[in-house]
Amino acid sequence: MAIRVYNTLTRTKEAFVPREPDKVAMYVCGPTVYNHIHIGNARTFLTFDIIRRYLAWRGFDVTFVQNITDVDDKIIKRAAEEGVPATEVAETYTAAFRSAMEALGIGRPSRQPLATQTIPQMIGMVERLIAGGHAYVVDGDVYFSVRSFPGYGKLSGRDIDDLESGARVEVDERKQDPLDFALWKSAKPGEPRWPSPWGDGRPGWHLECSVMSEEELGLPFDIHGGASDLIFPHHENELAQSEAATGVRFVKYWLHGGLLQVNAEKMSKSLGNFMLLKDVLEVYPAPIVRLFMMQTHYRSPLEFSTDRLDEARTAYERIAGPLRDLEIAKRSHARERVGDEAASGVWVTRLTKAIEDAKTRFIEEMDDDFNTAGALAAVFGLVREMNAFIWEGPGIGAHGENLPLLERAAAAIKEPLDVLGIEIEARPVRVSEYPTEVMQLAQDYAGYTGTDGAEAVDALRKARDVARSERNWAVADSMRDRLQDLGFIVEDKPDGTHITYGR
RNA sequence: GGCGACGUCGCCAAGUGGCAAGGCAGAGGCCUGCAAAGCCUUUAUCCCCGGUUCGAAUCCGGGCGUCGCCUCCA
């Protein structure tokens with residue numbers, strides 16, 4: 001069974017065959033560090049984090065390179081606005097980017113080169129392009145000649161004449177063709193600059209990715225990723241530069257993610273309709289954000305809304321439920337509810353099959369162009385079966401004999417989620433976060449005089465069970481109300497009362 | 001204007017030729033002192049019109065609508 005990926009270059013799904021067996025070389029365009037990244041930027045980085053994790057889980061040795069573009073017009077503009085050096089802007093937002101990625105649970109790249117530390121290699125590529133007749137110098141600027149590269153337009157599916165007829169750019173008379181783009185820009189006073197054969201200046205956009213990917217991975221490498229708004233002109237120009245300079249194929253598989261939208265419109269900094277990743281993460285934990293995004297295929301547009309995030313939170317709780325129930329059942333030694341051995345055997349067979357099916361389906365879905373939405377359906381299917389086994393079937397069994405099977409089911413739920421980077425908090429309680437008022441409550445209802453949160457809750461649970469067994473509903477309900485006021489969730493399940501906190 | 005993508009249950013969303021996943025929300029039932037959770041049942045001729053095919057949500061043509069790119073953008 002092979003992994004299939006949708007290649008923008010061919011506009012079809014293709015069998016994924018890396019250049020070296022069992023090894024994958026991938027490059028994803030990183031940020032231009034002039035501001036905090038927004039949640040739309042984060043979606044793309046998350047997409048490729050998933051792809052990387054999945055390929056690694058499937059046994060590939062993945063080398064993942066992501067650049068930081070730390071010299072650019074936007075950084076210079078921002079620096080001028082704030083009256084600080086451009087390097088300071090770049091350093092500030094490079095650090096912010098790294099911490100935001102960590103907060104979302106995105107793995108560090110294998111290597112993360114900086115544009116400003118690759119200048120000599122970029123100059124080298126410009127020289128190669130000039131020597132090959134693919135670039136020309138005008139007043140200290142260097143432009144790439146799109147007409148010199150016959151394949152120009154093949155990635156984005158356009159042709160040069162169509163582009164020109166619809167061009168809205170002002171024509172720079174110094175260019176041989178309106179679509180020619182800058183490889184090297186001469187420095188104006190006060191701008192960052194590096195010496196070059198054409199005078200002091202800085203590299204143009206596109207160049208850093210061509211140079212760094214070749215330097216770190218060699219050509220052709222396997223996967224080049226980014227969001228769909230980078231297809232043209234960024235990736236088209238990268239491809240043209242690299243193939244014109246080297247004469248060899250640049251990339252085997254071009255993968256592009258869909259855009260995050262707000263009110264059916266692209267989220268973007270220029271439109272001002274964005275939410276910063278760091279602000280979203282203050283309200284919604286990383287696993288919720290990840291689950292939200294993975295419920296839609298990575299190539300489709302995705303509407304951002306807090307309603308959707310709230311729904312993802314509910315869905316997350318659905319997954320966490322049986323895992324918590326298992327932890328609690330292990331402690332409380334839930335009794336068997338189905339005494340019939342034969343019936344129990346049917347349940348065991350059914351859950352065993354569900355565990356196998358979930359894994360098989362997860363792999364099938366993910367192999368098919370990283371279909372996380374389908375993969376999650378596989379997980380939810382097993383969640384249902386595990387719930388049924390616990391609450392409608394034999395549970396952990398009279399003597400805990402079903403525990404190994406339930407542990408396997410729990411592991412079969414957690415493993416795929418781990419591949420997707422969705423951490424499930426299965427512990428029923430987070431004692432350290434208990435409000436201290438619970439101590440007073442325990443004293444009032446259970447005569448508890450200690451200071452241990454877990455003991456206090458346990459005392460309350462026992463006191464409430466006593467009240468319920470005495471059919472003293474007034475006391476039982478009032479205990480539940482007051483616990484709920486403190487943020488606890490009180491559920492009377494067939495195996496006893498579950499008190500949890502911190503959902 | 002040019003190029004491209006998309007239009008599937010109340011909402012979100014998988015599915016690219018063979019009986020329409022999943023999540024959220026709703027209804028009914030089971031369980032239950034109540035509540036919560038859970039389980040079961042329940043709602044789709046897949047934007048419209050033609051065509052190809054034994055058979056189409058899936059392929060082709062036309063229409064309508066939405067979005068993206070063509071200018072910095074993840």
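Not measured: the values here are computed from a predicted model. Order of the sequence lines fixes the chain letters, A, B, ..., with proteins taken first and strands second; residue numbering starts at 1 for each chain.
Separation of the P atoms belonging to B:C59 and B:C6 is 9 Å when rounded to the nearest angstrom. Nucleotides B:G15 and B:G22 are separated by 15 Å at their P atoms, to the nearest Å. Taking atom C1' in both B:G55 and B:A20, the straight-line distance is 16 Å, to the nearest Å. Rounded to the nearest Å, the gap between the C1' atom of B:C69 and that of B:G62 is 25 Å. A gap of 12 Å separates the P atoms of B:U41 and B:G23, to the nearest Å. Look at the P atom in both B:G28 and B:A36: the space between them is 13 Å, to the nearest Å. Rounded to whole Å, the separation between the C1' atoms of B:U16 and B:A5 comes to 15 Å. Rounded to whole Å, the C1' atom of B:C24 lies 15 Å from the corresponding atom of B:A14.
Remark: A:D481 CG is packed, more than 12 non-hydrogen atoms of other residues, nucleotides or ligands lying under 6.0 Å away. Annotation: A:E423, atom CD; neighbour count of heavy atoms from other residues, nucleotides and ligands within 6.0 Å does not exceed 12.
By the 5.5 Å and 30° criteria, A:F380 is not stacked with the base of B:G23.
Nearest nucleotide to the side chain of A:D477, out of B:G23, B:A74, B:G33: B:G33. For A:A315, counting side-chain heavy atoms from C-beta on, the closest listed nucleotide (B:G38, B:C69, B:G23) is B:G23. Closest to the A:K493 side chain, of the nucleotides B:G33, B:A36, B:C67, is B:A36. In this structure, the nucleotide among B:G33, B:A74, B:C67 sitting nearest to the side chain of A:N41 is B:A74. Residue A:N387 places its side chain closer to B:C39 than to any other of B:G33, B:C69, B:C39. Relative to the side chain of A:L230, the nucleotides B:A74, B:C67, B:C34 differ in distance, and B:A74 lies closest.
Rounded to an integer number of Å, the gap from CZ of A:R11 to P of B:G4 is 8 Å. Look at CD on A:E491: it is 10 Å from P on B:A36, rounded to the nearest Å. Going from atom CZ of A:F97 over to atom P of B:A74 covers 10 Å, rounded to whole Å. What separates CD1 of A:I319 from C1' of B:A37 is a distance of 16 Å, to the nearest Å. Across the protein-nucleic acid pair, A:L483 atom CG and B:A36 atom C1' stand 14 Å apart, rounded to whole Å. For A:L271 and B:C72, the CG to P distance is 15 Å, given to the nearest whole Å. Between A:M293 atom CE and B:C24 atom P there is a gap of 19 Å when expressed in whole angstrom units. The nearest whole Å value for the distance from the CD atom in A:E265 to the C1' atom in B:U66 is 12 Å.
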- Message: Checking A:F45 against A:F97 for the ring-ring contact (aromatic ring centres under 6.0 Å, His included) test, could you report, in this order, the C-alpha distance in whole Å, the side-chain angles of both residues, the deciding distance, and whether it holds?
- Response: CA-CA 11 Å; A:F45 298 131; A:F97 172 69; 5.3 Å; yes
- Query: Which nucleotides of nucleotides 10-20 of chain B have their base under 4.0 Å from a protein heavy atom (B), which only their sugar-phosphate (S), and which neither (-), written as one string 5' to 3'?
  - Reply: -SSSSS-----
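Using a 30° and 60° split on the angle between ring planes, A:W347 and A:F389 fall in the perpendicular class, above 60°. Ring planes of A:H224 and A:W254: parallel class, angle under 30° (limits at 30 and 60°).
Taking the six-membered ring for Trp, A:H206 and A:H235 have ring centres at least 6.0 Å apart.
Nucleotide B:C39 has B:G29 as its partner under the Watson-Crick or G-U criteria, with both atom distances under 3.5 Å. Under the Watson-Crick or G-U wobble criterion, with both distances below 3.5 Å, B:G4 is paired with B:C67. Using N1 to N3 plus N6-O4 or O6-N4 for Watson-Crick, or N1-O2 and O6-N3 for G-U wobble, each under 3.5 Å, B:C59 pairs with B:G51. Within the shown strands, nothing qualifies as a pairing partner of B:C19 under the Watson-Crick or G-U definition with both distances less than 3.5 Å. B:C34 is unpaired under the Watson-Crick or G-U wobble criterion, no partner having all donor-acceptor distances under 3.5 Å.
Contact check, A:K266 against B:A74: no side-chain N or O comes under 4.0 Å of OP1 or OP2. For B:G23, the OP1/OP2 oxygens have a side-chain nitrogen or oxygen of A:R318 closer than 4.0 Å.
A salt bridge between A:D72 and A:R202 is absent, with no side-chain N of the basic residue lying under 4.0 Å from a carboxylate O of the acidic one. Checked for salt-bridge contact, A:K13 and A:D369 miss the test: no charged N lies under 4.0 Å from a carboxylate O. Ion pairing between a basic and an acidic side chain is recognised when a charged N comes within 4.0 Å of a carboxylate O; A:R461 and A:D458 show such pairing.
At a threshold of 4.0 angstrom between heavy atoms, the contacts of A:R158 include nucleobase atoms, whether or not backbone atoms are also involved. Across all strands shown, A:D492 has heavy atoms under 4.0 Å from base atoms, whether or not it also approaches the sugar-phosphate. Within 4.0 Å of A:V379, counting heavy atoms only, lies no atom of the nucleic acid at all. Using a 4.0 Å heavy-atom cutoff across all strands shown, A:R468 reaches at least one base atom of the nucleic acid. A:L260 comes within 4.0 angstrom of a nucleotide base, judged by non-hydrogen atoms across all strands.
Taking the nucleotide of RNA chain B with the nearest heavy atom to each of A:Y34 and A:Y6, the more 5' of the two is matched to A:Y6. Judged by closest nucleotide on RNA chain B, A:G157 is the one of A:G157 and A:S270 placed further toward the 5' end.
Note on residues 349-377 of chain A: pairs passing ring pair (Phe, Tyr, Trp, His ring centres under 6.0 Å), not counting sequence neighbours, are A:W57-A:F362.
Closest approach of A:S268 to A:N273, counting heavy atoms only: N-OD1, 2.9 Å.
Listed by residue number, the members of residues 72-82 of chain A with any heavy atom below 4.0 angstrom from RNA chain B are A:K74.
Relative to the ring axis of A:F181, A:K175 does not place its NZ or CZ within 45° and under 6.0 Å from the centre.
Side chain of A:N371 to backbone of A:M366: no donor-acceptor contact under 3.5 angstrom is found.
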